[in-house]
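Each remark here refers to the structure printed beneath this line.
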2 protein chains.
Amino acid sequence: MKLSTKGRYGVKAMFDLAQHMGEGPISLKSIAERQSISEHYLEQLVSGLRKAGLVKSVRGAQGGYLLGKEPDKIKIGDIIRVLEGPIAPTDCVSEEDPEICSKAEFCVTRTIWEKVRDSIAEVLDSITLETMLEDAKKIESDRSLYMYYI
Amino acid sequence: MKLSTKGRYGVKAMFDLAQHMGEGPISLKSIAERQSISEHYLEQLVSGLRKAGLVKSVRGAQGGYLLGKEPDKIKIGDIIRVLEGPIAPTDCVSEEDPEICSKAEFCVTRTIWEKVRDSIAEVLDSITLETMLEDAKKIESDRSLYMYYI
DNA sequence: TTATATCTTATTAAAATACTCGGGATTTGT
DNA sequence: ACAAATCCCGAGTATTTTAATAAGATATAA
């Protein structure tokens with residue numbers, strides 16, 4: 001039940017883009033450095049995000065990437081689905097063409113995995129890049145408040 | 001974000017044991033046959049469950065396994081944790097000694113994985129083998145009702 | 001025209017997964 | 001006493017997935 005680096009790096013990279021909105025195209029190199037990710041590896045991930053319309057690219061020198069939509073329109077679930085595939089604790093309850101099993105209609109185990117799938121999806125779809133930006137702002141102000149009282 | 005066969009087979013096997021309570025020790029061979037699982041592989045999984053006290057074993061001919069506690073005392077989360085390890089979409093939010101990262105206190109990404117972890121744990125800990133037995137009974141009666149009206 | 005980027009495909013090392021195999025220990029029934 | 005059934009344990013292995021790395025083609029700003 002682990003997320004792979006694809007999903008983790010992807011969310012980090014997207015959040016990085018959100019934090020640098022308005023600064024023009026952001027190069028993978030700078031994202032890779034800030035987030036400590038291999039640039040080449042990140043390239044592969046971002047390729048998928050671009051095809052899904054979650055980022056836009058600008059080629060050439062001074063090029064880079066921009067968010068494909070407003071941050072409040074990009075759910076973490078969208079990012080995870082592009083990079084990790086449909087949410088599916090088991091193949092028989094995959095969000096996308098689940099693997100039909102002959103016992104499916106009376107399989108009690110299956111209903112558990114459905115609930116797990118739905119609870120994961122609900123969390124990931126309730127959080128957007130905008131939410132994350134707000135959280136980051138809040139953490140920042142809490143920190144400075146804390147510093148003040150020391 | 002997939003469960004491995006360990007978790008899936010383990011839950012299936014435990015549910016099988018629950019369904020055959022009162023019939024004395026149930027052999028791995030019969031469980032493996034009913035659930036279409038390799039017997040040798042199942043042996044390894046059940047070994048862990050036994051060490052965790054979720055099943056009791058009876059050795060020798062006519063031996064087998066019994067539930068280690070009442071079905072309403074065995075949560076699906078208990079089974080999963082024994083077979084798949086602590087619930088942890090990422091190492092930094094593992095239920096058991098999470099891998100501390102220097103940026104943890106102001107990491108916005110981390111809070112997402114915490115929410116995912118908690119929602120998975122909540123689902124898995126809200127379902128017991130007893131719940132599953134009730135569900136199975138309900139499905140069975142719905143099926144016979146359906147048959148009646150045909 | 002050169003440096004800076006994105007884009008694309010192929011290869012690979014390491015780890016995890018899902019078994020398989022062989023043999024030993026324990027108990028029951030004959 | 002013996003054979004059959006069963007749990008118990010450790011090692012080995014094929015396949016798949018993961019996480020990169022590498023190499024080069026394409027596009028654009030300066």
Side-chain angles (χ1 to χ4, degrees), chain A residues 1-13 17 20 23-33 35-68 80 83-86 88-91 99, chain B residues 1-13 16-17 20 23-33 35-68 80 83-86 88-91:
Chain A
M1 287 297 273
K2 283 246 173 60
L3 223 55
S4 75
T5 52
K6 287 182 195 167
R8 287 191 287 122
Y9 291 177
V11 172
K12 277 187 169 192
L17 279 182
H20 291 87
E23 299 176 21
I26 306 296
S27 73
L28 277 193
K29 195 181 175 195
S30 68
I31 299 177
E33 269 168 21
Q35 306 297 333
S36 317
I37 303 174
S38 144
E39 188 186 343
H40 273 296
Y41 189 41
L42 194 53
E43 235 166 35
Q44 295 173 27
L45 309 187
V46 171
S47 159
L49 295 171
R50 185 176 50 82
K51 280 164 191 160
L54 296 181
V55 300
K56 283 182 293 203
S57 65
V58 178
R59 298 184 71 163
Q62 268 54 260
Y65 291 90
L66 303 161
L67 287 186
I80 296 294
L83 296 171
E84 306 253 348
T90 66
D91 286 332
E99 206 172 75
Chain B
M1 288 296 276
K2 283 246 173 60
L3 224 56
S4 75
T5 52
K6 287 181 196 170
R8 287 192 287 123
Y9 291 176
V11 172
K12 276 187 169 192
D16 190 289
L17 279 182
H20 292 87
E23 299 176 20
I26 306 296
S27 74
L28 275 194
K29 194 181 176 197
S30 68
I31 299 177
E33 268 168 20
Q35 307 295 335
S36 316
I37 302 174
S38 145
E39 190 186 341
H40 270 295
Y41 189 42
L42 193 54
E43 233 167 37
Q44 294 174 26
L45 309 187
V46 172
S47 160
L49 295 171
R50 185 176 51 82
K51 281 163 192 162
L54 296 180
V55 300
K56 281 182 292 201
S57 65
V58 178
R59 299 184 72 165
Q62 269 55 260
Y65 291 90
L66 303 161
L67 288 185
I80 296 293
L83 296 170
E84 307 252 348
T90 66
D91 286 331

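Below, read A as the first sequence line, B as the second, and so on, with proteins coming before strands; counting in each chain starts at 1.
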Protein-nucleotides 20-22 of chain D N/O pairs closer than 3.5 Å?
unit_1, atom_1, unit_2, atom_2, d
D/dA20, OP2, A/Y9, OH, 2.9
D/dT21, OP2, A/S38, OG, 3.4
D/dT21, O4, A/Q44, NE2, 2.4

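- Counting only N and O atoms by type, the side chains of B/T5 and B/Y41 include a donor and acceptor under 3.5 Å apart.
- Residue-to-nucleotide contacts include a donor-acceptor pair under 3.5 Å from the side chain of A/R59 to the base of D/dT26.
- Side-chain nitrogen and oxygen atoms of B/Q62 include at least one within less than 4.0 Å of the OP1 or OP2 phosphate oxygen of D/dT6.
- Exactly one residue among A/V55, A/L54, A/L49 makes a side-chain contact (heavy atoms from CB on, under 4.5 Å) with A/L17. That residue is A/V55.
- Atom C1' of nucleotide C/dA16 and atom CE of A/M1 are separated by 17 Å, given to the nearest angstrom.
- Residue B/H20 comes nearest to B/I26 through the heavy atom pair CB-CD1, 3.6 Å, listed as atom of the first residue, atom of the second, then distance.
- Atom-to-atom, CG of B/L42 to P of C/dA18 comes out at 14 Å; the value is rounded to the nearest Å.
- Contact annotation: B/S57 reaches the phosphate of D/dC8 (side-chain N/O to OP1 or OP2, under 4.0 Å).
- Near-neighbour residues of DNA chain C inside residues 46-54 of chain A, defined by a heavy atom below 4.0 Å, number-ordered: A/R50.
- For the pair A/K51 and A/S47, the minimum side-chain heavy-atom distance is below 4.5 Å.
- Distance CD1 (B/I26) to C1' (D/dT6): 13 Å, rounded to an integer number of Å.
- Nearest-nucleotide mapping onto DNA chain D: of A/A61 and A/S4, the residue sitting toward the 5' end is A/S4.
- Put simply, NZ on B/K29 is 7 Å from P on D/dA5, counting in whole angstrom units.
- In this entry the distance linking NZ of B/K56 with P of C/dT26 reads 21 Å, nearest Å.
- Separating the CG atom of A/L17 from the P atom of C/dA5 is a distance of 15 Å, rounded to the nearest angstrom.
- Contact record, B/V46 with B/L28: CG2-CD2, 3.7 Å, taken as the closest heavy-atom pair.
- Taking every heavy atom of both residues into account, A/L45 and A/G10 meet most closely at CD1-N, 4.4 Å.
- Here the closest heavy-atom approach between residue A/G7 and residue A/E84 is recorded as N-OE2, 2.9 Å.
- Atom CD1 in B/I31 sits roughly 12 Å away from atom P in D/dT6 (whole-Å rounding).
- When every heavy atom of A/L3 is checked against every heavy atom of A/R8, the shortest pair comes out as CD2-CG, 3.9 Å.
- Between B/A32 and B/S38, the shortest heavy-atom contact is CB-C, 4.5 Å.
- Remark: C1' of C/dT26 and OH of B/Y65 are 12 Å apart, rounded to the nearest angstrom.
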